[in-house]
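Written out below as C-alpha cells is the structure these notes cover.
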Amino acid sequence: MDLSGLNAPQREAVTTTEGPLLVLAGAGSGKTRVIIHRLAYLMQKRKVPATSILAVTFTNKAASEMRERAVKLAGLAARKVTLCTFHAFGAEVMREHASKLGFPKKFAIADMGDQVSIIKRAMRERNVDDRAFDARKVLSIISRAKNSRTEPQPKPEGQGDDYDLVAHLVFPLYQLALKAQGAVDFDDLLLLPARLFAEFPQVKKQYTDRFRYLMVDEYQDTNAAQLELLVHLSGKDKNVCVVGDDDQCIYSWRGAEVRNILDFERHFPGAKEVRLEQNYRSTSVILDAANAVIAKNPARKDKRMWTETLGGAAIQSVVAPDENEEARFVAFQIKKAVGLGTPPEDIAVLYRTNGQSRPIEEALREVGVYYEVIGGQEFFDKREVKDVIAYFKVLANPLDQISLLRIVNVPARGIGDVTLERLSSFAQETGKPLWDVLKAAHEVPDLPRGAAEKVAEFCVLMEKYRAQYEKGHLGATTRALLAEIQFADAARASTHSMTAADKKIRAVEDLISSLESFEQKEGARARLMNYLHRLSLDTREEEEEPERRGNVTLMTLHSAKGLEWKLVFLIGLEEDLLPHSGMQGEPPNPEEERRLCYVGITRARDRLVLTRAAQRVKRGKAVPRTPSRFLQDLPEALVEVVDLVGETVAPEPEQQTKFFAGLREKLKAPPKPPPTGG
DNA sequence: TGCAATATCATTTTT
DNA sequence: TGATATTGCA
C-alpha cells in the first residue's frame, strides 16, 4: 500500500481507521483521493473484507466514479464494497424489510409528480382551494419537516403565511394516501429504515454486524434523518469516517444541516479531526478569489486553503448587453479555447438555474461546438415518456391509483371523464382500490353497458401484460404492449409536425433501451418494479457514461459540486440570480448563495470567466440587472474587466476575426492566430 | 369525447 | 416569453 503520494494530513486521514473521524476537506484538497486510498488501506492493510464496508456518497454519479477509481487502486475486491447514496441504501433496506412496516414487498417510490397529485387531492379533501395554494410549495414544507424528523406545524396566529397551516392539515392525508398506494416517498427511504432499526433490534443487528466500517462523503449536506440512520449503523465500534466541507453546504433547502458537520464531535464523542487545507486544483489567483468570497460568511470552521501554484491567468469579469450576447461571448470564447488546443471536456459552463442553459446551447450550436447538458428534466417531462412510465407503474403496482387514472384512457379508448368519475366515487364509497373496481366494472351501479365493456377490455389488456412482465423479457414485452395499444400511432396523431412526433417516439425508444440495458445487467432477475426503483433513485438518463469526451459540459452549480475543469465559465453573476432571491414567500439565504458561488469559483483549475448581462428578458420584458455583490468581493488585482455593452458578438464568420481582434485588444492577450472556422 | 384556440401564470437548486 | 390549464367548439 503506497501512501507516499499523499501529504501528511491526507495520510493521517487514510490511516486513522478506528473510531469516529471527521475529515474537513476544503475544495480541491484531494478529498476523493483520500477516500479511495482509505478504502484500499482498509482492505489491504487492515484486512477488512470489502463486504464489511459501507461508503455513502451524495449522488449515484459520485458513487460509480468512486467505485471505478477504487477498483483501479485496490483491485477487483473493491467491487464488493457497498457504495451508494443514502437513498439507494435505504431502498435496499426497504426491499428486504418493507413488510415489517406494513408496506408491500414490491413497494413503489413516489416521484414528484405522484407527490404533487396526492397533495392536490388531499387539499381538495380538506376543502383547501387547490388553486390558491401551490401544491409543490406545500410538498416542500412537508418534505423539509420529514427530513428534520418533525411534522409540519401551523405558525402561531397571524404570524407567517397559511402554507404552514395547509401543510399541517394535508400531512396526515398525504401519508395515508402514500401507504394506501403501497408507496413511499424519497424522504421515507431515510425515515423508514431508521424506524426499522429503532423498532426491530434484530434488523439493526443484521446491518451493524455486516458493516463494520462506514464512510460518508459530502457530510455537510446530510440532514437529520441521514444522521439518525448513520448513528444507528455505526453500531458499537463507531468506525465512522465522514468527509466534508462546511463551506460547500448547498442543500439546506433540502434539510441539510451544516450543524451535522460542526457538531460531529458531539454526536460521536471522542472523534478525531483532520484538516486538508492544501489545494491541488486551482491557481492562487482563483483560490484567492474564492477565499475572498467565502470569508464574508460568518460561522464557519476557519480553514485556510493554500496552494503551491502561484500566479495564474487573471479572472475575467464580463458584462454583456443581454443574455444572448452573454451566451455568444461564452460560445466564442469556448470556440477560441478549443481552437487553441483546450479539449472541450476540460471546459464547463455553470449557472444557478437550469433555464440559463438555453441561450448557451443556442450559441454553442451557432459556433459548432458540441456540448452536453447535465441535469434538467426535459427527458422525463415528455408526456409520452411519463405515460409509458405510468403504464410500468400500474403494471408493477395495481394500487397506484394516480398512474392508473393517467393511463386508463391513453391512448384514447373511450373511457371518459364521466365514466372515471363514477368509478372513482364508487371506489371511494366502498373503500376498495380503484383497480378492483375496474375489474368488477359491471357491478358498478349506473354505469352504461358500453363503458363497462371498455373498462373490462382495458383490464384484460393489463392482466395479460402483467403476467408477461412477471416472466421477464421486459424490453420485448414493452414493445409488444406499445404495439398492441398503437402507442406510436397515437403519438403521431397528437401532433401535426413529423419532427415533433419523431422526437416523442425517439424519447420512448430511449426509455425502452434504458430498460433493456437494465435488463441485460440484471439478467433473469430483472423485474419492472426494480427498474422503476432505479429510475427514481438514479436520475441519470443514459446507461452508459454520457459522452463527456468532445463535449463542453453545461450544468447547474449544484450538480457541479465535486467536479473540476481547466476552464470554467460562471454565468449570470447578477443580484437575484446569483445570489438567487428565492421563491417569494421563502426567505432568501444569502449565506448559502455565497457558498454556491464559492463552489462555482473553486471548480476552475486554470482559468475562470465570470459573466453577467446588463439586462435580461424576463417574462417577455427586458429588465435591467444589477451586478452580483460577489463580484464586488473579488480583490481588484485578480480581475480583468471586459465591457461588451453596446457591442454585438459577431454572428457572421467574416466578422468573427474582427471580433476576436477587438477582443484580444480588450483582454491584452498575447497575439495569437485567430481560431480556425468550422 | 377529442381537439384547438385562448387564458393564465410562473419564475431554484435534486435524492 | 413560453409552457400548461381551461374553456369552447365540432
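With B:dT12, B:dT15, B:dT13 as the choices, the nucleotide that has an atom nearest any side-chain atom of A:Asn354 turns out to be B:dT13. Nearest nucleotide to the A:Arg358 side chain, out of C:dA3, B:dT13, B:dT15: C:dA3.
Using modelled atom types, one side-chain atom of A:Arg413 and one backbone atom of A:Val408 make a donor-acceptor pair closer than 3.5 Å.
Among the atoms of the strands shown, only primed sugar atoms or phosphate atoms (P, OP1, OP2) are found under 4.0 Å from some heavy atom of A:Arg136.
Between A:Lys31 and A:Glu218, at least one side-chain N (NZ, or NE/NH1/NH2) sits under 4.0 Å from a carboxylate O, which counts as a salt bridge. Ion pair A:Arg365/A:Glu362 not flagged as a salt bridge, since none of the NZ, NE, NH1 or NH2 atoms sits closer than 4.0 Å to an Asp/Glu carboxylate oxygen. Using a 4.0 Å cut-off between a side-chain N of Lys or Arg and a carboxylate O of Asp or Glu, A:Arg595 and A:Asp246 do not qualify as a salt bridge. A salt bridge between A:Arg254 and A:Asp221 is absent, with no side-chain N of the basic residue lying under 4.0 Å from a carboxylate O of the acidic one. Salt-bridge formation is detected for the pair A:Asp111/A:Lys393: a Lys NZ or Arg NE/NH1/NH2 atom is positioned less than 4.0 Å from an Asp or Glu carboxylate oxygen. Comment: A:Arg328 engages A:Glu325 in a salt bridge, judged by a side-chain N to carboxylate O separation of less than 4.0 angstrom.
Scanning residues 225-232 of chain A for heavy-atom distances under 4.0 Å to DNA chain B yields an empty list. Of all the residues in residues 116-125 of chain A, not one reaches under 4.0 Å from DNA chain B with any non-hydrogen atom.
To the nearest angstrom, C1' of B:dT15 lies 12 Å from CZ of A:Phe86. B:dT13 atom P lies 16 Å from atom CG of A:Asp576, rounded to whole Å.
The salt bridge (charged side-chain N to carboxylate O under 4.0 Å, His left out) with A:Glu326 is formed by just one residue from the set A:Arg616, A:Arg358, A:Arg625; it is A:Arg616.
Closest-nucleotide positions on DNA chain B for A:Ile415 and A:Leu596 were compared, and the one nearer the 5' end corresponds to A:Ile415.
The gap from the C1' atom of C:dA5 to that of B:dT12 amounts to 23 Å, rounded to the nearest Å. Distance noted for atom C1' between C:dT4 and B:dT13: 22 Å (whole Å).
Donor-acceptor pairing under 3.5 Å, judged by distance alone, is absent between the side chain of A:Arg254 and the base of B:dT13.
Residue A:Asn409 places at least one side-chain N or O closer than 4.0 Å to OP1 or OP2 of B:dG2. Close to B:dT12, at under 4.0 Å from its OP1 or OP2, lies no side-chain N or O of A:Thr556. An OP1 or OP2 oxygen of B:dT12 is reached within less than 4.0 angstrom by no side-chain nitrogen or oxygen of A:Ser581. Dashed line: the shortest gap from a side-chain N or O of A:Asn223 to OP1 or OP2 of B:dT15 is not under 4.0 Å.
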Where do A:Ile142 and A:Tyr174 land on the side-chain contact (heavy atoms from CB on, under 4.5 Å) test, with the steps shown first? CA-CA 9 Å; A:Ile142 290 179; A:Tyr174 169 78; 4.2 Å; yes
